[in-house]
Amino acid sequence: MAAVSRFYITTPIYYINAEPHLGHAYTTMVADAVARAHRLLGDDVFFLTGTDEHGQKVERAAQKAGLSPEAFADHIARKFHDLLPALNISNDDFIRTTEPRHHAAAQELWRQVRDRGFIYKDKYEGWYCTVDEIFVPETQLVAGRCGICGNPVERIAEESYFFRLSRFEQPLLDHYRAHPDFVTPAGRRNEVLTFLEGGLEDLSISRTSFTWGIPVPDDPAHVMYVWFDALTNYMTAAGYGVSQPAAAARFARYWPADVHLIGKEIVRQHAIYWPAFLLAAGLPLPRQIVSHGWWLMEGAKMSKSKGNVVRPHEYVDRFGLDAVRYFVFREMVFGQDASFGDEAILTRYNSDLANDLGNLVSRTTTMAHRYCDGVVPSADRELLARPPERELSSAVGALVVKVKAAVASFQSSTALRDIWEVIGATNRYIVTREPWQLAKSPDRRAELDAALYAAADALRVIAELIRPFMPATGERTLRMLGVEPEAASWTSLRPGTLEPGTTLGELAALFPRIEHTVEELRAMAADTNDVSPAPGSQGASTSVSSAAASAGAAGSATTGTVAATTAAADRISIDDFMKVELRVARVLSAEPVPKSSKLLKLQVDTGADQRTIVAGIAESYEPAALVGRTIVVVTNLKPAKLMGVESNGMVLAASPEGGKALLLSFDVAPVPGTRVR
RNA sequence: GCCGGAGUAGCUCAGUUGGUGAGAGCACGCGUCUCAUAAGCGCGGGGUCGGCGGUUCGAAUCCGCCCUCCGGCACCA
């Protein structure tokens, strides 16, 4: 870590169209650990997180819930906000994009970029298909008609402000060349470079189709496109856009940020758009964009439809916060995806936390109490100079250096692995010296004291190094050793500095072993949820719909009505359904579509005719296995061209999120042409 | 099809610029201490380092081809 005395780190601001899950929690916990490490190093840290609350999605979700966008945003933002204390997050500020300070900052950035000539108003112009309600790219036009439905297209233009992103291709490439670590890990950086080299097009940065956003300066019919708005938050919180001297001084001190920590799905916005906006405004760029991988649930992608979204609370309740923090830091290798799972956590808990660390703390402090009257013994210098003591001490000294380096490069798994290696070394050291034997011979008092001092001293450094990852555990351990946790304790941290003679604190087991199987734990969790929904947690997990209901009950008849009519409006009539002609068909032949990995070209017999249908099921079915199979197709669909092949209809299949498509089939095959309804 | 990542003990993974007989943790078996959370410590079994070929005195590590898995893109009527 460089000798920078101030350190500014951010998480993304979280978009409030979904409830917080493990992914949000993880990003925030990593930022927290890094922020804490820098504070321990004596840095002046500014750690920011918050919520992204504008946009059409939020506007619609609010409408659906029968709430104003403001009320809806307040409701969900609170959940993100309340997650922080539960995870022991040490953020210095929490920003919401709906706050006045942010509106002011985003508008200021807009003006600054505009006044330097990088924003222009133009028409978002293109060929528009009124049937499909989309803009059809030039390349997909077929003889002047929509390549999708075959209907004529119209030339349509919608007003929008554009950012001259195309001007920044070369400046960005230059910056990347000058700062090889601007984006890490390297794989992500390469992706960005590839994208850059492919050329940049100007970016549409305003919308007129909705109003839930920050108005464009001097043209309030437009609201800012979400990324221009959202990314600016990193400067808002540092004091940008406020003319008061205090805020200006703060901005001068904290900007540019040292680290924007993000998930790999938003690399492009942070690695291209954001630096381009800043270059356009003539402002300094953040020092580093650091992106991490995704959490999988038992090896599978998390999704709502699978019902395997991890809610951090459940695991914190079951294992304790520091155990969850330890697990995610230890398990996820920097930059890669990692798998979350009950069994894995349980193993980590019992092996690493209970057996290794917890038991080491327990045996060390217990012996100090029993043999040394509850104070840190003082050790004879020569006894500490013997090989086992020197070896332990130098391992501890090397550990301090290694952990500092690992934290600087976000390698939490490496840091913890190294720390646990020294925990093992300390356990081995204790066995080597056998203090319980020394205690039997009064004439070996000095050796006993030296042994317990050496163990306690090593444990003290371990506890200090653990603090960023497991703050409560680190501090409790220090107190048990009679050390008062200090803010900047890493600056002078080294072995041999534990103060002799101090009284040990009260002892308690850090991580009692969990003698239950995974199944038992799950059953216990289920019981808790079913039998006694804790009053507190019920409040915390109130769904949006019930919030809407209570808003209605509170006297706002209109909001309740809105919700009801919206729901009713989503229904369709039987006539609407009957417009879709579904018929039984038989597959006559099937072959892959060249150059495509998802598409199969099918010849089917619909009873009335034989036709070609292209279906996106190549990843689930072998062509040969489909021949002769009886399926269901939509027969009255307009033709569409896919990868150059015209498709006259659509096959029906269940499509699980992230899973393989499953074709509809019958108990007994009806004849082709039979109507399905 | 294109781009990227990965394929090392039953499981999860380390293995820097090619060089002591290929490692750790978990799990398993045996032994041992008793300060400690039935924890600790020691020993052990088990791997054609995805496959084939090449460079080299020597490759898990470099090169080529191939196979498999996972992302992203094209694409999902």
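Values reported hereafter were calculated over all heavy atoms of this structure, with side chains retained and with hydrogens, waters and symmetry mates removed.
Comparing B/A9 with B/C52, their P atoms sit 16 Å apart, to the nearest whole Å. B/U68 and B/U56 have their P atoms separated by 32 Å, given to the nearest Å. When the C1' atom is used for both B/C67 and B/C57, the distance is 32 Å, rounded to whole Å. The P atoms of B/G5 and B/G44 are separated by 38 Å, rounded to the nearest whole Å. When the C1' atom is compared between B/G23 and B/C75, the two are found 44 Å apart, to the nearest whole Å. Atom name P, nucleotides B/C63 and B/A6: the rounded distance is 13 Å, in whole Å. If you take atom C1' in B/G46 and the same atom in B/A24, they sit 15 Å apart, rounded to whole Å. Separating the P atom of B/C62 from that of B/U37 is a span of 49 Å, rounded to the nearest Å.
Using bins of under 30°, 30° to 60° and over 60° for the plane-to-plane angle, the ring pair A/Tyr315/A/Phe319 lands in the parallel bin.
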Exercise for review: Might you work through the side-chain hydrogen bond (donor to acceptor under 3.5 Å, both in side chains) test for A/Tyr429 and A/Glu391, ending with a clear yes or no?
Suggested key: CA-CA 9 Å; A/Tyr429 169 77; A/Glu391 224 169 89; over 6 Å; no
Practice item. Evaluate the salt bridge (charged side-chain N to carboxylate O under 4.0 Å, His left out) criterion for residues A/Glu447 and A/Arg445: first the C-alpha distance (whole Å), next the side-chain angles of each, then the deciding distance (0.1 Å), finally the verdict. Key: CA-CA 5 Å; A/Glu447 285 175 72; A/Arg445 176 82 244 171; over 6 Å; no
Review point. Should A/Leu165 and A/Glu201 be marked as a side chain to side chain contact (heavy atoms under 4.5 Å, CB included) after you check the CA-CA gap, both sets of side-chain angles, and the distance that decides it?
Key: CA-CA 6 Å; A/Leu165 184 61; A/Glu201 290 181 12; over 6 Å; no
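As a whole-Å value, the separation of A/Leu353 CG from B/A39 P is 15 Å. Here the P atom of nucleotide B/C26 and the CH2 atom of A/Trp420 are 13 Å apart, to the nearest Å. Atom pair A/Glu343:CD and B/A27:C1' shows a separation of 10 Å (rounding to whole Å applied). Atoms CG (A/Leu193) and C1' (B/C3) sit 13 Å apart, rounded to a whole Å. Atom CZ in A/Arg189 sits roughly 23 Å away from atom P in B/G72 (whole-Å rounding). Atoms CD1 (A/Ile266) and P (B/G71) sit 19 Å apart, rounded to a whole Å. The CG-C1' distance, from A/Leu360 to B/U34, rounds to 16 Å in whole Å. Separating the NZ atom of A/Lys402 from the C1' atom of B/A14 is a distance of 13 Å, rounded to the nearest angstrom.
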Review point. Reading nucleotides 40-46 of chain B 5' to 3', which nucleotides get B (base under 4.0 Å from a protein heavy atom), which S (sugar-phosphate only), which -?
Key: SSS----
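Within 4.0 Å (heavy atoms only), A/Gln437 reaches sugar-phosphate atoms of the nucleic acid but no base atom. Among the atoms of the strands shown, base atoms are found under 4.0 Å from some heavy atom of A/Leu510. No contact: A/Arg188 has no heavy atom under 4.0 Å from any strand. Using a 4.0 Å heavy-atom criterion, one finds that A/Phe511 contacts the bases of the nucleic acid, with or without backbone contacts as well. A/Val361 comes within 4.0 angstrom of nothing in the nucleic acid, heavy atoms only. Using a 4.0 Å heavy-atom criterion, one finds that A/Pro435 contacts no nucleic acid atom at all.
A donor-acceptor pair shorter than 3.5 Å cannot be found between the side chains of A/Thr612 and A/Glu646. A/Thr473 and A/Asp322 share a donor-acceptor pair across their side chains, judged by distance under 3.5 Å alone.
Salt-bridge annotation for A/Glu434 and A/Arg444: absent, with no side-chain N of the basic residue lying under 4.0 Å from a carboxylate O of the acidic one. A salt bridge links A/Arg318 and A/Asp342; the closest N-O separation between the charged side-chain nitrogens and carboxylate oxygens is under 4.0 Å. Note on A/Glu389 versus A/Arg433: salt bridge recorded, some NZ/NE/NH1/NH2 to OD/OE distance being below 4.0 Å. Comment: A/Glu331 engages A/Arg348 in a salt bridge, judged by a side-chain N to carboxylate O separation of less than 4.0 angstrom.
Closest to the A/Glu434 side chain, of the nucleotides B/C13, B/C35, B/C33, is B/C33. The nucleotide whose nearest atom lies closest to any side-chain atom of A/Ser362 is, among B/U37, B/C13, B/C33, B/U37. Closest contact between the side chain of A/Trp436 and the listed nucleotides B/G71, B/U34, B/A77 involves B/U34. Nearest nucleotide to the A/Leu599 side chain, out of B/G71, B/C35, B/C75: B/C75.
Between A/Arg370 and the phosphate of B/A36, there is a side-chain N or O to OP1/OP2 separation shorter than 4.0 Å.
Within residues 440-453 of chain A, no residue has any heavy atom closer than 4.0 Å to RNA chain B.
Along RNA chain B, the nucleotide nearest A/Ile613 and the nucleotide nearest A/Ala509 are compared for position; the residue whose nucleotide lies closer to the 5' end is A/Ala509.
In summary, of the residues considered (A/Trp294, A/Trp295, A/Phe327), a ring-ring contact (aromatic ring centres under 6.0 Å, His included) with A/Tyr26 occurs for A/Trp295 alone.
Using a 4.5 Å cut-off on side-chain heavy atoms (C-beta onward), A/Ile631 and A/Leu664 make no contact.
Relative to the ring axis of A/Tyr326, A/Arg330 does not place its NZ or CZ within 45° and under 6.0 Å from the centre.
For CZ of A/Arg513, the number of neighbouring non-hydrogen atoms (other residues, nucleotides, ligands) closer than 6.0 Å is greater than 12.
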Study note, to complete from the structure: For RNA chain B, the dot-bracket notation using Watson-Crick and G-U wobble pairs below 3.5 Å, [ ] for pseudoknot-type crossings and | for other-strand pairs, is (((((((..((((.....[...)))).(((((.......))))).....(((((..]....))))))))))))....
